[in-house]
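Computed over heavy atoms, backbone and side chain alike; hydrogens, waters and symmetry mates excluded.
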Amino acid sequence: MMKRLLLLRPAGRDGFFPVLLFYAVCMLALLLQWSVAYEELGGYGSWFVLVAKGIGDLAVLTLPYWFLRPRWRWMLLLPVWGMSLWWWLNLLYFRFWLDIVPPSSVFMMANVDSLLLGSMAGLWVLADLLFLLIPVAVTLVYVAMKVSIRGCRSCPLKVRAFAVLATAAVFFGSQVMHTVSFRRFMHAPDAGLAEATLARWQFPLTSYFQVMKINGMVVYLVRGAHEVGSELVGQRSLTPHDRETIADYLSANDDALRSLPDEEEVSWGDSHPVNVVMVVVESLNTDALAASVGGRLVMPVLNRLVCSDSSLVIERVISQIKDGGSGDGQLIYNSGLLPSRSGSAAMKYGSKNRFNGLAERFNGETYALFAEPGRVWNEPSAFRSYGFATVLTSYAFEDMVEVHGADGAMFRMAEDCISKAEGPFFVELVTASMHVPFNDPGVEPVDWIETADGVDDMRRAYLQMVNYFDRELGRFLGWLEEKGLSESTMVVIAADHCQTVAADKARMEAEGGVCYIPVVIVNGGVGGRIDRVVGQVDLYPTLLQLLGLVEPGGYNGLGRSMLDPRLRSATDGAGRTFGDADPAEVERQREAYEVSDMILRCDYFRQTAQGE
């Protein structure tokens, strides 16, 4: 049988050389794609280790080839084209989020629109052409060999059995190599292979890329399929155990809020604000607050607010979003919950759950405005569920977008809404101009940033949009003052997530690789600067406290007030804890994600009298 397999005959029913040659070409193409991708993703070390670990996964993915009838052997092109597209999309995603695409993205196809496609265009690099050229080249090889490949008879049972055994052996070998690397990573050289392999498969999710890096693609895809399957189960009824778990967590949080010690870093005013304007800023990094180009501050307006005695400034906020991107940031700020275990909580639950949101608890008129069409993250429906009575997207002011840019048009529409309000108002503004690729057609770039030396193109484009947002914010704050509303209106400026693509790399390195986001609260009745590490989820109870909306014994979010000096850390969506935290606090912060997922899945506020 082996003699026939290796027989170098280009044609004939008994010759398998064309079949073997085409398989070898496809495997080389898949390995080349793998190598090109990991050159950017990193994490595998030498090329030999990369190939040795990858060949087992690729052998499994291509195993069906040996069972195809001659006329269907062209189907081996499918994994070549499919993996090429898969790697390219993951590299684009990685350049933005420093991770690969979550498996739950299959539930987020509604997010594919012009904004997303524009973002992808902004992240494209010339080397990405390889992911088109490689499958094209393999396809041409098949076209040239088509007659001889189809002329070979179907593989006999012995050949198929050999292919299965060889694939199993190669895959087993690659898994052993993964386990050996994992033992080194965990500094456990004495752990047995079986024990270390089981630990590797069960290793907690810190990023999707890490799961694939330590387990290989096949195990990653199996875990992803399990994740997607669990999402299909959907919501469930609230069990007595769920009630007890949620109640215990909320009770402990309530005790912490009511026993709040004095914060020496801040000073309190005498009253609560009447009105609220909350600006959720797309991709605003803390480093942008003090960024300068040619000696000029990029954000002079926000910088003045940061330096004001009436502002509460928190610059070391950890982004806690997960698969849901900006939608997760909006969920955290408006509901005090954390993202769901996988997928976008706003897309899965935003249209049907009740959230006990800030807007629902606010006694006045509520407006939510978006500087984009609102086609992503199920934003209009989710914000209605958060309690906003009026939700407007850029369709409501699209004529102004061409003239003033997306954010500027939204600010002007907000002025119109506020002018019509007959009492206290809560207006939330969700910006968009600072989204990748940092190119708002309605914004004219400023020369002093455009012509500055020593700034790379991505950073330059980002700073242009940062400066534009700052100018529009300053104009809007001036309008509030002109209308006599500035002193009675609390303005909250918070980033939806960090932006690593255009971050200040030197500052990130100095901060240990952490990309912080800021929260600035103006006229909230408290001023000062908090230099402790906190999380996004801690803003909700902070705002409840500043607005006098805390419900003793009720739901006040899953975080702790940022004004609590005992809060000195935060855990992100990957389970990593930053700051100074004892083991008990780390456990509480991780439990918060489990409790939040339970609340979302059970629609807790609808199923209990708590949310009624």
Basic-acidic side-chain contact under 4.0 Å: R588, E585: yes
Can you list the residues that meet the ring-ring contact (aromatic ring centres under 6.0 Å, His included) rule with F438, with sequence neighbours excluded? Y462
Between [X] and [Y], what is the shortest heavy-atom contact and its length?
X: A346; Y: G327; answer: CB-O, 4.5 Å
X: T393; Y: G374; answer: CG2-CA, 4.1 Å
X: P339; Y: L600; answer: C-CD1, 4.4 Å
X: V430; Y: Q330; answer: CG1-NE2, 3.6 Å
X: E315; Y: L289; answer: OE2-CD1, 3.6 Å
X: A288; Y: V466; answer: CB-CG1, 4.3 Å

Please answer whether the main-chain N or O of M458 pairs with a side-chain N or O of D456 as donor and acceptor at a distance below 3.5 Å. yes
Between D57 (side chain) and G54 (backbone), is there a donor-acceptor pair under 3.5 Å? no
Hey, what do you get for [atom1] ([X]) to [atom2] ([Y]), rounding to the nearest 0.5 Å?
X: D572; Y: F578; atom1: CG; atom2: CZ; value: 4.5 Å
X: S596; Y: E591; atom1: OG; atom2: CD; value: 12.0 Å
X: Y65; Y: W72; atom1: OH; atom2: CH2; value: 15.0 Å
X: D328; Y: L337; atom1: CG; atom2: CG; value: 11.0 Å
X: R459; Y: D457; atom1: CZ; atom2: CG; value: 13.5 Å
X: K53; Y: L58; atom1: NZ; atom2: CG; value: 14.5 Å

Those residues that, when tested against P445, pass side chain to side chain contact (heavy atoms under 4.5 Å, CB included) (two or more places apart): E450, Q464
Those residues that, when tested against [X], pass salt bridge (Lys or Arg N to Asp or Glu O under 4.0 Å) (two or more places apart):
X: E587; answer: none
X: R460; answer: none
X: R316; answer: none
X: E594; answer: R341

Return the set of residues passing side chain to side chain donor-acceptor pair (under 3.5 Å) with [X] (not counting sequence neighbours), or none when no residue passes.
X: S351; result: N378
X: T431; result: none
X: N439; result: none
X: N90; result: none

Between W66 and Y23, is the gap from one ring center to the other below 6.0 Å? yes
Do [X] and [Y] come within less than 4.5 Å of each other through their side chains, counting heavy atoms only?
X: E372; Y: E379; value: yes
X: I517; Y: Q536; value: yes
X: S84; Y: W88; value: no
X: Y516; Y: V533; value: yes
X: D496; Y: I321; value: no
X: L284; Y: P518; value: yes
X: E282; Y: S326; value: yes
X: I599; Y: L558; value: yes

Should we say atom CZ of R160 is surrounded by more than 12 heavy atoms from elsewhere, each under 6.0 Å from it? yes
Determine all donor-acceptor pairs shorter than 3.5 Å in which one atom belongs to a side chain in residues 165-175; sequence neighbours excluded.
from, atom 1, to, atom 2, distance (Å)
T167, OG1, A163, O, 2.7
S174, OG, F171, O, 2.7
Q175, OE1, R200, NH1, 3.1
Q175, OE1, R200, NH2, 2.9
Q175, OE1, W201, NE1, 3.4
Q175, NE2, N215, O, 3.0

We want to know whether Q589 and T577 form a side-chain donor-acceptor pair, criterion being a heavy-atom distance below 3.5 angstrom. no
Using a distance-only test with no angle check, is there a side-chain donor-acceptor pair under 3.5 angstrom linking S340 and Y349? no
Would you mind writing out the side-chain donor-acceptor pairs for residues 129-146 within the sub-3.5 Å range, not counting sequence neighbours?
from, atom 1, to, atom 2, distance (Å)
T139, OG1, W81, NE1, 2.9
T139, OG1, P135, O, 2.7

Begin with the C-alpha distance, continue with both residues' side-chain angles, and end with the deciding distance and a verdict on salt bridge (charged side-chain N to carboxylate O under 4.0 Å, His left out) for R95 and D128. CA-CA 12 Å; R95 289 164 194 159; D128 291 345; 2.9 Å; yes
